[in-house]
J.: 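Before I ask anything, here is the structure I am working with.
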Amino acid sequence: MEFTEISAPEFDLAMTLDSGQTFHWLAADEGFVGTIGETPIYIEQRGDQLRFAGGDEQLIRHYFALDHPLAKICASFPDDAAMSEARAFCRGLRIMRQPHWECLASFITSSMKQVAHIRQMSQALRRNFGERKEIAGREVFTFPAAARIAQCSEAELRRCALGYRAKNLLATARLAASGEAHLAAWSVLGDSGLRERLCALPGVGAKVANCVMLFAYERLSAFPIDVWIARVLRERYFPRRRKMTERQMRTFSDSYFGAHGGYAQQYLFHHARKTTARTVKRSRPRKTANEKQPRLSEVGS
DNA sequence: CTCCAGGGATGAT
DNA sequence: ATCATCCATGGA
């Protein structure tokens, strides 16, 4: 195996891959295996050094955005308690540059799903419809192109545990495959124009559009508001307010977090998700078993 | 078992 | 314009 070694200061590979922006990298040996576009990659980190196989330096630097001026970006965050905690916790976390379609498709499937399950759906789509590759003695699968998904039936996609999301993924895949939705060409659009195009796609609303803008189009001010971020805004920024509407959160975040709001958002998201006590609710008194609901008679699978 | 998850589309106020 | 409901699935 041919390895290349490069310097990558101010970067935390494991945290970046675990921060809920990409969903397919798997732990392998001392590092991870996955794909960057069609290229299978093995990559590991030792201190400030990255060792990788399967791609070239330019591909790695671009995908992991090693050129982003992370210190300056972090210094641009607003100076408040929640942001300072997140910034300290997320040192080395970078916003990657993902392929347009792969990112869009992944976030269409993300609706009302935990990160762990989005990973599961991504793997299922790859294994069933992607191209098999080998790297570091392991098999990896590329994310299926829009044209390949467009050939699938809704039932095939549902077999990847997509549920109601299958219909949206299929419809958007057809638009992308036909060229009616030309994702690459949209790179030249301004933020509002790009957001408008994305939101016109089936299964894409403001939240998914902002994720795709941030993670695939390098729009670093895009600020996705999911249930975690909404909770952070309510609890850390407006603890007195009785209720905050989507509109109020949007107005605040767009004006408060600045030109790199997307980075700030990702730091707040990752910090909240990794530190919020996930303790099972305190021994809630349980109903005794004699009130058990009558079960439907067993149905065949 | 219950609760919840990187929401969106639709129809009713 | 805001609000309620439904949509599937599996981890915790």
Side-chain angles (χ1 to χ4, degrees), chain A residues 16-24 86 90 93 95-96 98 102-125 154-172 175 195-196 198-216 222-234 242-251 253 261-274 276-296 301:
Chain A
T16 297
L17 292 180
D18 186 41
S19 67
Q21 49 181 318
T22 187
F23 304 99
H24 74 281
C90 298
L93 173 54
I95 303 288
M96 300 157 56
Q98 296 183 53
E102 174 181 327
C103 183
L104 171 61
S106 297
F107 278 97
I108 285 175
T109 70
S110 76
S111 153
M112 291 302 293
K113 280 299 193 183
Q114 296 181 17
V115 170
H117 194 220
I118 303 169
R119 287 200 181 98
Q120 184 179 321
M121 291 184 289
S122 172
Q123 292 296 345
L125 289 170
E154 185 180 328
E156 284 180 298
L157 297 179
R158 280 179 178 264
R159 265 174 241 134
C160 297
L162 266 66
Y164 62 88
R165 304 155 192 85
K167 181 191 295 284
N168 290 330
L169 180 62
L170 181 55
T172 294
L175 291 173
R195 185 177 290 108
E196 192 177 351
L198 290 169
C199 285
L201 299 171
V204 181
K207 190 272 173 182
V208 169
N210 278 318
C211 284
V212 176
M213 290 174 66
L214 180 60
F215 300 137
F223 194 99
I225 299 176
D226 74 320
V227 292
W228 287 95
I229 289 297
R231 191 176 301 141
V232 169
L233 293 181
R234 285 196 308 268
R242 188 169 55 81
K243 79 184 277 274
M244 279 194 82
T245 66
E246 170 68 34
R247 183 84 180 88
Q248 290 172 313
M249 291 190 286
R250 171 59 49 202
T251 300
S253 60
Y263 255 99
Q265 174 278 152
Q266 190 65 5
Y267 279 40
L268 292 171
F269 172 81
H270 185 66
H271 177 242
R273 204 167 72 83
K274 290 298 176 182
T276 299
R278 219 139 249 276
T279 53
V280 180
K281 267 185 188 137
R282 292 279 146 205
S283 58
R284 195 165 46 83
R286 284 226 165 255
K287 204 171 286 192
T288 43
N290 52 359
E291 294 278 339
K292 185 161 38 176
Q293 291 285 64
R295 300 181 62 94
L296 294 173
S301 63

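This structure is a prediction, so every number in the text was calculated from the model and none was measured. So that the names make sense, note that chain A is the first sequence line, chain B the second, and so on, each numbered from 1.
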J.: Could you identify the nucleotide paired to C/dA4, looking across every strand shown and requiring Watson-Crick or G-U wobble geometry with both distances under 3.5 Å?
T.: B/dT10
J.: Within this structure, what is the CE-to-C1' distance between A/Met121 and C/dG11, rounded to whole angstrom?
T.: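 Rounded to whole Å, this separation is 12 Å.
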J.: Tell whether A/Ser111 reaches the base of B/dG7 with its side chain through a donor-acceptor pair below 3.5 angstrom.
T.: yes
J.: Considering only the P atoms, how many Å lie between C/dG11 and B/dG8, rounded to the nearest integer?
T.: 23 Å
J.: When you get a sec, tell me which of B/dA5, C/dT9, C/dC3 is the closest nucleotide to the side chain of A/Met112?
T.: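 For A/Met112, the side-chain atoms sit closest to B/dA5.
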J.: Apply side-chain hydrogen bond (donor to acceptor under 3.5 Å, both in side chains) to A/Asp18 and list each qualifying residue two or more places apart in sequence or on a separate chain.
T.: A/Arg119, A/Lys274
J.: Is the shortest heavy-atom distance from the side chain of A/Gln120 to the side chain of A/Lys113 under 4.5 Å?
T.: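 Not in contact.
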J.: Could you say whether A/Gly163 or A/Gln120 is positioned toward the 5' end of DNA chain C, judged by the nucleotide with the nearest heavy atom to each?
T.: A/Gly163
J.: What nucleic acid atoms does A/Lys243 come within less than 4.0 Å of, heavy atoms only: base, sugar-phosphate, or nothing?
T.: sugar-phosphate
J.: Would you mind classifying the nucleic acid contact of A/Arg165 as base, sugar-phosphate or nothing, using non-hydrogen atoms under 4.0 angstrom?
T.: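 Answer is base: heavy atoms of A/Arg165 come under 4.0 Å of a base.
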J.: For B/dG6, is there a stacking contact with A/Trp228, counting only centres under 5.5 Å and planes under 30°?
T.: no
J.: Using atom CZ of A/Arg273 as one end and atom C1' of B/dC4 as the other, report the distance to the nearest whole Å.
T.: 14 Å
J.: Can you tell me how far P of B/dG7 sits from CD1 of A/Ile118, to the nearest Å?
T.: 7 Å
J.: Look at the side chain of A/Gln266 against the base of B/dG6 and say whether a donor-acceptor pair falls under 3.5 Å; ignore hydrogens and angles.
T.: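 Indeed, a donor on one side and an acceptor on the other fall under 3.5 Å apart.
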J.: Within a radius of less than 6.0 Å around CD of A/Glu196, do more than 12 heavy atoms belonging to other residues, nucleotides or ligands occur?
T.: no
J.: Yes or no on side chain to side chain contact (heavy atoms under 4.5 Å, CB included) for A/Gln265 and A/Asn210, after CA distance, side-chain angles and deciding distance?
T.: CA-CA 11 Å; A/Gln265 174 278 152; A/Asn210 278 318; over 6 Å; no
J.: Using the side-chain heavy atoms of A/Gln114, tell me which of these nucleotides is nearest: C/dA8, C/dG10, B/dG7.
T.: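 Nearest to the side chain of A/Gln114 among the choices is C/dG10.
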J.: A/Ala161 has a side chain; which of C/dG11, C/dT9, B/dG8 sits nearest to it?
T.: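 When the side chain of A/Ala161 is considered, C/dT9 is the closest of C/dG11, C/dT9, B/dG8.
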J.: Under 30°, 30 to 60°, or over 60°: which ring-plane class applies to A/Phe107 and A/Phe23, parallel, tilted or perpendicular?
T.: perpendicular
J.: Send over the distance from A/Lys113 NZ to C/dC7 P, rounded to a whole Å.
T.: 15 Å
J.: Got a list of protein N/O to nucleotides 9-12 of chain B N/O distances below 3.5 Å?
T.:
residue	atom	partner	partner atom	Å
B/dA9	OP1	A/Gly203	N	3.2

J.: Counting Watson-Crick and G-U wobble pairs only, both distances under 3.5 Å, name the nucleotide matched with C/dA12, or none.
T.: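 Because both required distances fall under 3.5 Å, C/dA12 counts as paired with B/dT2.
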J.: Could you state the NE2-C1' distance from A/His117 to B/dG6, rounded to the nearest angstrom?
T.: 14 Å
